[in-house]
Visitor: 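Dumping the structure here so I can ask a few things about it.
Because only heavy atoms are used, hydrogens play no part in the values below, and waters and symmetry mates are left out as well, while side chains stay in. Every chain is numbered from 1 and lettered A, B, ... according to where its sequence line falls, protein lines coming before strand lines.
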Number of protein chains: 4
Amino acid sequence: MMGDENGIPSLVKNQRLVQERRRQIIQGAFTLFVRKGFHKTTTREIARECGLSIGTMYEYIQSKEDVLYLVCDHIHTELERRLREAVMGISTGKEGLTRAVAEHFRLMGEMSDYVLLIYQETKSLSEEAKKRILDKEKEITAIFEGILQRGIQDGTLTLEPSFVKLMAHNIMVLGQMWTFRRWALGGHYTLEEYTRRQTALLLSECTQGDLGGDYDDERES
Amino acid sequence: MMGDENGIPSLVKNQRLVQERRRQIIQGAFTLFVRKGFHKTTTREIARECGLSIGTMYEYIQSKEDVLYLVCDHIHTELERRLREAVMGISTGKEGLTRAVAEHFRLMGEMSDYVLLIYQETKSLSEEAKKRILDKEKEITAIFEGILQRGIQDGTLTLEPSFVKLMAHNIMVLGQMWTFRRWALGGHYTLEEYTRRQTALLLSECTQGDLGGDYDDERES
Amino acid sequence: MMGDENGIPSLVKNQRLVQERRRQIIQGAFTLFVRKGFHKTTTREIARECGLSIGTMYEYIQSKEDVLYLVCDHIHTELERRLREAVMGISTGKEGLTRAVAEHFRLMGEMSDYVLLIYQETKSLSEEAKKRILDKEKEITAIFEGILQRGIQDGTLTLEPSFVKLMAHNIMVLGQMWTFRRWALGGHYTLEEYTRRQTALLLSECTQGDLGGDYDDERES
Amino acid sequence: MMGDENGIPSLVKNQRLVQERRRQIIQGAFTLFVRKGFHKTTTREIARECGLSIGTMYEYIQSKEDVLYLVCDHIHTELERRLREAVMGISTGKEGLTRAVAEHFRLMGEMSDYVLLIYQETKSLSEEAKKRILDKEKEITAIFEGILQRGIQDGTLTLEPSFVKLMAHNIMVLGQMWTFRRWALGGHYTLEEYTRRQTALLLSECTQGDLGGDYDDERES
DNA sequence: CATGAATGAGTTTTCATTCAT
DNA sequence: AATGAATGAAAACTCATTCAT
């Protein structure tokens, strides 16, 4: 079996074709998974949505679960790519953190469907696939860990080293929280207010004795 | 149709029996939902697990979805009951917040399976049932809102009124986070460390100009 | 086993009670069978409709099919009773025929639900029960045969003896036809017009050379 | 959805295949419906009888009710086709009526199982499907209406125009009567005798003042 | 490579009937 | 006699996957 990109084998050898078809599958499946959830979406529907016959689709995957993995993996890859893009060429750790948090929150606002999907359907993956997805999540979190550490080193951030990891996860979760609690928050705060306030909370922990700073505009409002 | 407790009708009239059997169903179903998820658990498995024949089980529910609702509703009721219990007879708002957060985190540690289930399976409920579940979540969050407001009134807490709701949701989410990020946090922090640190983060926001304080007594207890 | 009225055994010995309860069952079941058909009506629904518990109902019947038989039998008994009533104390055969046909049509108009039920659900009975129902139908038909024969004997009707039976069945069917073709006839004819015209058709065959007579008002209109 | 012949959608696209498989389904289902009735026949039995797997069968229908509709529709189509064939190229209205009635009775004799099925199971169809079936029945009845009208116009038949429709329905019903009263008539008359006698009855109404004629042989026998 | 018809195990749900109380 | 909870066989229908063309 060929076509082992992403660890999912395909019967088709032509790698360019595999890539193109999988792109179609991911796009079609994503739309449906968001609308109806993984279990309530049938393989037939996926095939129809992405413009392939059911037979052809199965040339590029081995099971319905593979589709879920492809979708989840694609989401993470996209998130990581966008986040790295946003924090490239940053000088100090503090500035990097501010920017990265802002970008992360913006991304979460844009990609809330994605995040929801990850939260709700990851458990349907096989142990192996689940591990790969969680590893990706760890890698993304590690971006924030890196920024935090840089800030500690360059003296712009104050944080016990042993809690760097926890803060990185906090950043991740407070970002995702906008998507999975929108049913409660949406009516009371705009994404902007939400971002401003949560960023303040996060930074307050990392800039003790240095109150004010980047977000003082917020304090005044 | 009789037996309308929880809004789920039952064919059986004897209310005591309905309550007892539903307790069985909830318990059996919960075990299985945690282990395999809602969709991968069959009604026959639920019946077997809770010691009822399939026919008998259907005397007490109307559809498989009802079982999910019963389970989710029970979880929330339990969470709310325990949380209210923990914050009864509290004097100042600040003390109440500290205790409530500690209890909430302890509960989340104990009931992580429950929380995970709510996060992953709520979407499988009908719109109506989903609304009822989310309303319960709002009610629980409102407990924290109440405590925060009391603290603002008695002067022991500092917080802009418009962000009381957000802080309450933050408390909820940072508590739940322990359950849905245990795969990443479990290896690095104990629940105790996690609780201490997150409580500090939360309180720092509500006790500005009053750094330190309440949390060393907690260390001693 | 006691209570063998109608050939259906009952567990209950008190004959008066059996009769009363069965009356309830017939009435409740009839309503439901007309509305939803035999197969789509459940025994629970029948019990509820007739004000008995399911357990009690089963003290008076042995199976759901028994209920259908009781209903069908009751319909026929009623039809026969009313028809006999209508032709009692009649002098000549011709007059008897005219009256009986008129009464039969009137009855069919009133009891169309009953007739429809017999047509549609008889096949669901056991062979034995079906035979008993068809025998009743034959007995009712025989009333018309008797009238026709009397008419032949007293010279008021003209009909080959070998076709007496066919004419009796024709009378039965043209009466029932109003019920099972009402979807087509109802919009075009009133029951009165229908009766007048069909009676004319039937009588014309039995009164050759004696045109006119009882129905000449119809010829003129 | 493809394959919308008859208004019943099919998942299979190849129209020739749909037609062939539905032919199989109709044939198999018809046999079973006649033997056991619609409700007592299971979908698995139908599938087995027509040589398809249950899954395959459901590629060509959407529900069990669809099978009933297909069967009923096929019966009517067949009846109509045969009847039209029989009355093609007829000269006078009277001759047409005689031939059409004869053919109709012959058909009813042949297809009595079909007719019985229509009488007993139409009520199990959805309102929409029922309407389509009754419309077909009206169309067939309209064939006789047309013949009667032609006869009135060319002077070979005598009948009040307002009762043309009723007579057409009478013809339909007296034909069908042979099938649903065979349990009573079968022992006493041959189909030939039955046909001769009923035709006489029907024609006597339409040929007043013209006694004798086509059926005088029957008067003598 | 592409297609889509075929498959049948597996799913939820119903309901006539029984029987302990 | 009356009750109604318990039962489980059986029903309709679905859908991931395969494989011949």
Side-chain angles (χ1 to χ4, degrees), chain A residues 10-14 17-18 21 39-48 52-67, chain B residues 2-3 10-14 17-18 20-21 39-47 52-67, chain C residues 10-14 17-18 21 39-48 52-67, chain D residues 2-3 10-14 17-18 20-21 39-47 52-67:
Chain A
S10 162
L11 289 172
V12 175
K13 294 168 192 173
N14 180 337
L17 198 52
V18 170
R21 291 275 182 266
H39 280 105
K40 288 189 181 166
T41 302
T42 68
T43 51
R44 275 172 136 124
E45 285 173 314
I46 299 170
R48 196 187 318 132
L52 299 174
S53 74
I54 184 71
T56 301
M57 190 172 86
Y58 265 90
E59 301 266 307
Y60 297 93
I61 56 165
Q62 295 215 302
S63 71
K64 190 186 169 190
E65 201 212 278
D66 281 357
V67 179
Chain B
M2 313 259 97
S10 161
L11 288 174
V12 174
K13 294 171 185 176
N14 182 335
L17 201 53
V18 171
E20 164 62 11
R21 291 277 179 268
H39 280 106
K40 288 191 181 163
T41 302
T42 69
T43 52
R44 301 197 105 85
E45 284 172 316
I46 298 171
L52 300 174
S53 73
I54 183 71
T56 300
M57 189 172 86
Y58 267 91
E59 297 268 296
Y60 295 92
I61 56 164
Q62 296 217 302
S63 70
K64 189 185 170 190
E65 201 213 277
D66 281 357
V67 179
Chain C
S10 162
L11 289 172
V12 176
K13 295 168 190 174
N14 180 338
L17 199 53
V18 171
R21 291 274 181 269
H39 281 104
K40 289 190 180 165
T41 302
T42 68
T43 51
R44 276 171 135 123
E45 285 173 315
I46 298 170
R48 195 187 318 132
L52 300 174
S53 73
I54 184 71
T56 302
M57 189 171 86
Y58 265 89
E59 301 266 307
Y60 297 94
I61 56 165
Q62 295 215 303
S63 71
K64 191 186 170 191
E65 201 211 280
D66 281 358
V67 178
Chain D
M2 314 257 96
S10 161
L11 289 174
V12 174
K13 295 171 185 175
N14 181 335
L17 201 52
V18 170
E20 164 61 10
R21 291 278 179 267
H39 281 106
K40 288 192 181 163
T41 302
T42 71
T43 52
R44 300 196 108 87
E45 285 173 316
I46 298 171
L52 301 174
S53 73
I54 184 69
T56 300
M57 188 172 85
Y58 267 91
E59 297 267 296
Y60 296 92
I61 56 165
Q62 297 216 303
S63 70
K64 190 186 169 191
E65 202 212 279
D66 280 357
V67 178

Visitor: Among E/dC15, E/dA2, F/dA2, which nucleotide has an atom closest to any side-chain atom of C/Thr42?
Guide: E/dC15
Visitor: For A/Gln62 and F/dT17, what is the distance between atoms CD and P respectively, to the nearest whole Å?
Guide: 10 Å
Visitor: Output the rounded distance in Å from NZ (D/Lys40) to C1' (E/dA16).
Guide: 13 Å
Visitor: In whole Å, what is the span from the CD1 atom of A/Ile46 to the P atom of F/dA16?
Guide: 8 Å
Visitor: In whole Å, I'd like the distance from the CG atom of C/Leu11 to the P atom of E/dT17.
Guide: 13 Å
Visitor: Contact class for C/Leu52 (heavy atom, under 4.0 Å): base, sugar-phosphate, or nothing?
Guide: nothing
Visitor: For B/Ser53 and F/dA6, is the shortest distance between a side-chain N/O and OP1 or OP2 below 4.0 Å?
Guide: no
Visitor: Is a donor-acceptor contact shorter than 3.5 angstrom present between the side chain of C/Arg44 and the base of E/dT17?
Guide: no
Visitor: When you compare the protein's N or O atoms with those of nucleotides 19-21 of chain E, which come within less than 3.5 Å of each other, and at what distance?
Guide:
none

Visitor: For A/Val18, is there any backbone N or O sitting under 3.5 Å from a side-chain donor or acceptor partner on A/Lys13?
Guide: no
Visitor: Starting the side chain at C-beta, find the nucleotide from E/dA6, E/dT12, F/dT17 nearest to B/Lys64.
Guide: E/dT12
Visitor: What's the CE-P distance between D/Met57 and E/dA5, to the nearest Å?
Guide: 17 Å
Visitor: Rounded to whole angstrom units, what separation is found between the NE2 atom of D/His39 and the C1' atom of F/dA12?
Guide: 12 Å
Visitor: Between A/Arg44 and D/Glu59 (salt bridge meaning N to carboxylate O under 4.0 Å), is one present in this structure?
Guide: yes
Visitor: How close do B/His39 and B/Lys64 get, heavy atom to heavy atom, and via which atoms?
Guide: O-NZ, 3.8 Å
Visitor: Let me confirm one number: the CE-CG distance from A/Met57 to A/Asp66, rounded to the nearest 0.5 Å.
Guide: 10.0 Å
Visitor: Side chains of D/Arg21 and D/Leu52: closer than 4.5 Å at any heavy-atom pair?
Guide: yes
Visitor: Counting side-chain heavy atoms from CB outward, which of E/dG8, F/dA1, F/dA5 is closest to C/Asn14?
Guide: F/dA1
Visitor: In whole angstroms, how far is the C1' atom of E/dA2 from the CD1 atom of A/Ile61?
Guide: 15 Å
Visitor: Counting side-chain heavy atoms from C-beta on, which of F/dA2, E/dT11, F/dT17 comes nearest to C/Arg21?
Guide: F/dA2
Visitor: Select one nucleotide: of E/dT17, F/dA2, F/dG8, the one nearest the side-chain heavy atoms of B/Ile54.
Guide: F/dG8
Visitor: Find which nucleotide of DNA chain E each of D/Tyr60 and B/Thr41 is nearest to by heavy atoms, and output the residue with the more 5' nucleotide.
Guide: D/Tyr60
Visitor: Roughly how far, to the nearest 0.5 Å, is the OG1 atom of B/Thr56 from the CG atom of B/Leu11?
Guide: 11.5 Å
Visitor: Between D/Leu17 and D/Tyr60, does the side-chain contact (heavy atoms from CB on, under 4.5 Å) criterion hold? Intermediate values first, please.
Guide: CA-CA 10 Å; D/Leu17 201 52; D/Tyr60 296 92; 3.6 Å; yes
Visitor: Using Watson-Crick and G-U wobble pairs whose two distances are both under 3.5 Å, how do you write the pairing of DNA chain F as dot-bracket, with | for links to another strand?
Guide: .||||||||||||||||||||
Visitor: Can you tell me the distance, in whole Å, between the NZ atom of D/Lys13 and the P atom of E/dA5?
Guide: 7 Å
Visitor: Verify, without hydrogens or angle tests, whether C/Thr43 (side chain) and C/Ile54 (backbone) share a donor-acceptor contact under 3.5 angstrom.
Guide: no
Visitor: Any side-chain N or O of A/Thr56 under 4.0 Å from OP1/OP2 of E/dA2?
Guide: no
